[in-house]
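Everything below concerns the one structure shown next.
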Amino acid sequence: MPRVLVLYHSTYGHIEAMARAEAEGARSVEGTQVDIRRVPELVPEDVARSAGYKLDQEAPIATVAELENYDAIIIGCGTRFGRMASQMANFLDQAGGLWARGALNGKVGSAFTSTATQHGGQEMTLFSMITNMMHFGLVVVGLPYSFTGQMTLDEVAGGTPYGASTITGGKGQRMPSELELEGARFQGRLVAETAARLHGALSADLRRSAPAGETRTWQEPEHVDAESGARGTDLERSDKAQPDVWTEGP
């Protein structure tokens, strides 16, 4: 039974709504267990309240340690000047221990986002999250054009092949449309289906770590000219280059 985590940050509730739709889509795959979690808010509470932040969100606060318990992780947050929100970046920056152990290798990853305008950096934001996923070893799933709704010309709508998205309006006045929510459901289902196909198919542990005390270092091999006896590295000679070598040392 695959386990899917929908991990999000939402300032005004737009991404929260998309996260629920992602979870609905994932749960539609039989046997899938889905949890929704949000990352901690970094803005001081008094500032957040005065700015109208939606602070009454039901999803529990996530911890970095629990990420490795899932077979798939769907990450969502709003755009901040063409990149992921600092709250999400801060949370992922704390996952260095998981990265070092390869704890997320081979898991499924996917991203969704929102912007105020149609051209507000949705794809750049999605790629900023996807970049993190690839460093963690996740297998990335997007929102392919088999979800034909993203090709509509009948209405203003989000949706990219790199992940579901919504357009909020300059004052946050627009909540996700049914079409955008349907894109999120499609994506959530595809992630769960992909995780189900991978889940249990390979029993080997994909984590990787170097043996204790071993490091891998580069050393330029020293060359001694047979005629003059001069010494130098491969970089200092042109016509007598030898193959580069790797050496391992303590």
Side-chain angles (χ1 to χ4, degrees), residues 3-27 33-70 72-96 98 109-118 120-122 124-126 128-130 132-133 156-159 163-185 187-188 191:
R3 298 189 65 195
V4 176
L5 172 65
V6 180
L7 178 70
Y8 78 93
H9 172 266
S10 183
T11 302
Y12 298 111
H14 303 85
I15 289 294
E16 179 188 28
M18 293 287 282
R20 289 174 177 168
E22 293 275 356
E24 288 174 14
R27 289 193 183 105
Q33 177 182 333
V34 182
D35 294 325
I36 305 177
R37 299 282 188 273
R38 57 192 173 103
V39 300
E41 181 57 68
L42 301 180
V43 176
E45 184 175 348
D46 59 334
V47 176
R49 289 192 182 280
S50 65
Y53 280 32
K54 188 176 187 295
L55 300 178
D56 58 341
Q57 300 177 38
E58 295 179 359
I61 300 296
T63 64
V64 171
E66 67 186 308
L67 296 183
E68 65 179 310
N69 298 329
Y70 293 91
I73 304 171
I74 307 175
I75 299 174
C77 69
T79 296
R80 295 295 183 271
F81 307 110
R83 54 173 172 75
M84 80 174 90
S86 60
Q87 291 89 340
M88 182 61 70
N90 176 270
F91 184 86
L92 297 178
D93 282 349
Q94 298 175 60
L98 300 180
S110 198
F112 62 100
T113 192
S114 67
T115 55
T117 64
Q118 293 184 72
Q122 291 186 355
M124 289 292 291
T125 301
L126 291 168
S128 71
M129 289 185 274
I130 289 171
N132 276 227
M133 293 178 189
V156 173
S165 62
T166 184
I167 301 166
T168 69
K171 297 181 180 179
Q173 70 272 25
R174 181 183 183 273
M175 292 302 290
S177 68
E178 181 54 37
L179 180 62
E180 292 166 335
L181 293 173
E182 188 58 35
R185 295 185 190 102
Q187 182 178 355
V191 168

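Just so you know, these numbers come straight off a predicted model, no measurement behind them. When a residue number appears, it is its place in the shown sequence, counting from 1.
We find that R185 and E182 are joined by a salt bridge, their nearest charged nitrogen and carboxylate oxygen being less than 4.0 Å apart.
The shortest non-hydrogen separation linking P40 to F91 is CD-CD1, 3.9 Å. What you find for A23 and V34 is that their closest heavy atoms are CB-CG1, 3.8 Å. The two residues G78 and S114 make their nearest non-hydrogen contact at CA-OG, 3.6 Å. Looking at every heavy atom in both residues, L55 comes nearest to A48 through CD2-CB, 4.1 Å. The two residues S165 and G159 make their nearest non-hydrogen contact at OG-N, 2.6 Å. Minimum interatomic distance between A59 and Y8 (heavy atoms only, all atoms of both residues): CB-OH, 3.6 Å.
Residue Q57 holds its CD atom at 11.0 Å from CD1 of I36, rounded to the nearest 0.5 Å. Summarising the geometry, atom OG1 belonging to T113 is positioned 4.5 Å from atom CE belonging to M129; distances are rounded to the nearest 0.5 Å. Note that CD of E22 and CG of L181 are 10.0 Å apart. Values are rounded to the nearest 0.5 Å. With values rounded to the nearest 0.5 angstrom, I75 atom CD1 is found 5.0 Å from L92 atom CG. Atom CE of residue M88 and atom OG1 of residue T125 lie 12.0 Å apart, to the nearest 0.5 angstrom. Here the straight-line distance linking atom CG of L67 with atom CD1 of I73 works out to 4.5 Å at 0.5 Å rounding.
Every residue meeting the side chain to side chain donor-acceptor pair (under 3.5 Å) condition with E16, not counting sequence neighbours, appears here in chain and number order: R20, K54.
Taking 4.5 Å as the limit, some side-chain heavy atom of R38 sits within range of a side-chain heavy atom of I61. Contact annotation: the side chain of T168 never approaches that of Y12 to less than 4.5 Å [non-hydrogen atoms, C-beta and beyond]. Counting heavy atoms from C-beta outward, S110 and Q187 have side chains that approach closer than 4.5 Å. In this structure the side chain of D35 never reaches within 4.5 angstrom of the side chain of E66, judged on heavy atoms. By the 4.5 Å heavy-atom criterion applied to side chains, M175 and H14 are counted as neighbours. A heavy-atom distance below 4.5 Å is not found between the side chains of N90 and H9. With a 4.5 Å cut-off on side-chain heavy atoms, T166 and F112 do not count as touching.
Side-chain atoms of T115 do not come within 3.5 Å of backbone N or O of G121 as any donor-acceptor pair. The backbone N or O of A85 lies less than 3.5 Å from no partner atom in the side chain of Q87, so there is not a single donor-acceptor pair. Formation of a donor-acceptor pair under 3.5 Å by the R174 side chain with backbone atoms of I167 is found in this model. For the pair Q122 (side chain) and T79 (backbone), a donor-acceptor distance under 3.5 Å is absent.
Under a cut-off of 6.0 angstrom, the local environment of CD in E58 is sparse, with at most 12 non-hydrogen atoms contributed by other residues, nucleotides or ligands.
Both the sub-6.0 Å distance and the 45° axial angle are satisfied by R3 relative to the ring of Y70.
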